[in-house]
Amino acid sequence: MLKDYYKNYIETAYDDKGIISKFKINAPDNFNFAYDIVDKYGELEPNARALVYTNPKGEERTFTFSELSKYSTKTANLFASKGIKYGDKVMLVLKSHYQFWLAMLGLEKIGAVAVPATHMLTSKDYVYRFEQAEMKHLVITGDDSTVAQSAEDADKELGGVLGDKFIVGGIQRDGWIDFDAEIEKQPDTMTRVDTKASDMLLLYFTSGTTGYPKMVTHNHRYSLAHTQTAMWLNNRYDGLHLTIADTGWAKAMWGKMYGQFIMGSAVFVYDYDRFNPIEMLTVVSKYKVTSFCAPPTMYRFFIQEDVKQFDLSSLEYCCTAGEALNPEVFERWREFTGHKMMEGFGQTESVAIVATMPGMEPKPGSMGKPLPLYATDIIDDNGNPVAAGEVGEICIKSERGDDGLFHGYLKNDELTDSIWYDGWYHTGDTAWKDEDGYFWYVGRNDDMIKSSGYRIGPFEVESVLMTHPLVMECAITGAPDPVRGQVIKATIVLVKNAKVDDEAALIKELQKHVIDNTAPYKYPRIIEFVEELPKTISGKIRRVQIRKEDNA
């Protein structure tokens, strides 16, 4: 039965409180998610929902597992007919269009490598990615002509390195293949292509605070490892899960395909261009979403609305990840909905690493505890585990390419070796753990502020500011200072309709609020009010952009 089929590949055990204590992957050498999960589920329960799609225009489409199996095969045949083959790298720039899932699975079936990307790339970005990944083909959205033009300009600058280019949405454009029309012409059967579980499945470009984006690679076992992620999200058989994430980012793989399908849960997709909290709450209510995950930033926008006007009775579970969760947001969401937010932590380079799992009591602001797939700890600069209450780096005792962990940064062994050594994978994220073993996030190593000899993480100051009634969201960064090296800067968005008669007085009030609620040396010496904070399309605050502007 579909409900329990994942147990053919995943071995689990639970403690006496019902909290998962063991997670082990048992996969054959030729495991392939598209064949062994999607096609198999299409056979077991052909009418079970797999994907529910809609957009602000009201367009809708639902795929059962059998339909997803059929159309991914047709897509695989289309790609193969155009010369795409095993090992070829194909970029997917598809926003949240349902064609993303067809393309992903079609590429898996022929052993090609998907390279998801955001539609916000410029021609310069494409040039870098086409060159570095030795890109062969491209599939893009058709509802934004700037995407096609930027890609064309980049390909021209490189002398025409791409093979066939596909465009979705029924758009006609010279030099591009109509993806939607062409897949309908393809057969819906194929002979299984021999792929290995150790073969490259995905390549992500991920940016740090300096340098060009890095290339993160994952193999086919990565999809199975996300079953642990889905267990954190409490995805269930016949449920309907929504993770707010653009398909260009790795978070889409966390909550929009692998683990959800493995658990027999349908994925809900709202294909929007700009986040609107009222629209999102409306579709959650209308389509009876059962489990939900969004970054804390989006929850902050939700709680500024009249949440109680929406029927959210279908919601059974709420999670958050992507950045640290402020306790104030946790409490207000619970007040409005009755649901506790269960926080999780991981990276583009991994699946879920630390989380508040079902059965655990959440501590507002804590990420939870290490998950059983990995041996995770907080260690100091000498590689030793730190005591409770001490800040260190979140690290995983593992070898390169262990289940769910990336194999390294493609074409950059030096960078890989700088974060994977002495048997530890160094995440670059800092935290401390309490006496109960819960992890509390401090910040990225890159985000740490060094002021007058103190090391200050942004999250604690942000959490204090978020308790002030006039603050909707904020970002704490270090601004250059000739005396202290850096001083703390708060970039703040005020709540809607906030009335500020005296900005200088409000700044003093906010500074005092921090001084009264945390160590005095952590108060922001600079406060700037803005209409909105710079964010990625997935909703994460871009502190790096604020720092860059301050250092310009």
Q) Which residue pairs pass the salt bridge (charged side-chain N to carboxylate O under 4.0 Å, His left out) test with at least one member in residues 300-311, sequence neighbours excluded? A) K288-D311, R300-E323, R300-E473, E305-K496

Q. Quick one: does NZ or CZ of K433 land under 6.0 Å from the six-membered ring centre of F439, within 45 degrees of the ring axis?
A. no

Q. Would you call D434-K363 a salt bridge at under 4.0 Å N-O?
A. yes

Q: Of all the heavy-atom pairs spanning Q260 and W254, show the shortest one and how long it is.
A: NE2-O, 3.1 Å

Q. F406 and ring-ring contact (aromatic ring centres under 6.0 Å, His included): which partner among Y425, Y204, Y222?
A. Y425

Q: Please report the C-alpha distance between M215 and N412 in whole Å, then the side-chain angles of each, then the deciding distance to 0.1 Å, and finally whether the side-chain contact (heavy atoms from CB on, under 4.5 Å) criterion is met.
A: CA-CA 8 Å; M215 293 187 286; N412 199 333; over 6 Å; no

Q: Taking only Lys NZ, Arg NE, NH1 and NH2, and the carboxylate oxygens of Asp or Glu, determine whether K489 and D550 approach each other closer than 4.0 Å.
A: yes

Q. Any cation-pi pair here, R129 with F205, using under 6.0 Å and within 45°?
A. yes

Q) Can a donor-acceptor pair be found between the side chains of Y126 and E152 at a distance below 3.5 Å? A) no

Q: Indicate yes or no: does R334 engage E331 in a salt bridge with an N to O separation below 4.0 Å.
A: yes

Q.
Test side-chain contact (heavy atoms from CB on, under 4.5 Å) on T247 and L92; report intermediate values, then the result.
A. CA-CA 9 Å; T247 62; L92 305 179; over 6 Å; no

Q: Determine, step by step, whether R543 and E462 satisfy the salt bridge (charged side-chain N to carboxylate O under 4.0 Å, His left out) criterion, reporting the C-alpha distance in whole Å, the side-chain angles of both residues, the deciding distance to 0.1 Å, and the verdict.
A: CA-CA 12 Å; R543 294 183 185 86; E462 290 171 355; 3.0 Å; yes

Q | Sidechain-backbone polar pair: H119 side chain, I140 backbone, donor-acceptor under 3.5 Å | A | no

Q. Side chains of M280 and I244: does their closest heavy-atom pair fall under 4.5 Å?
A. yes

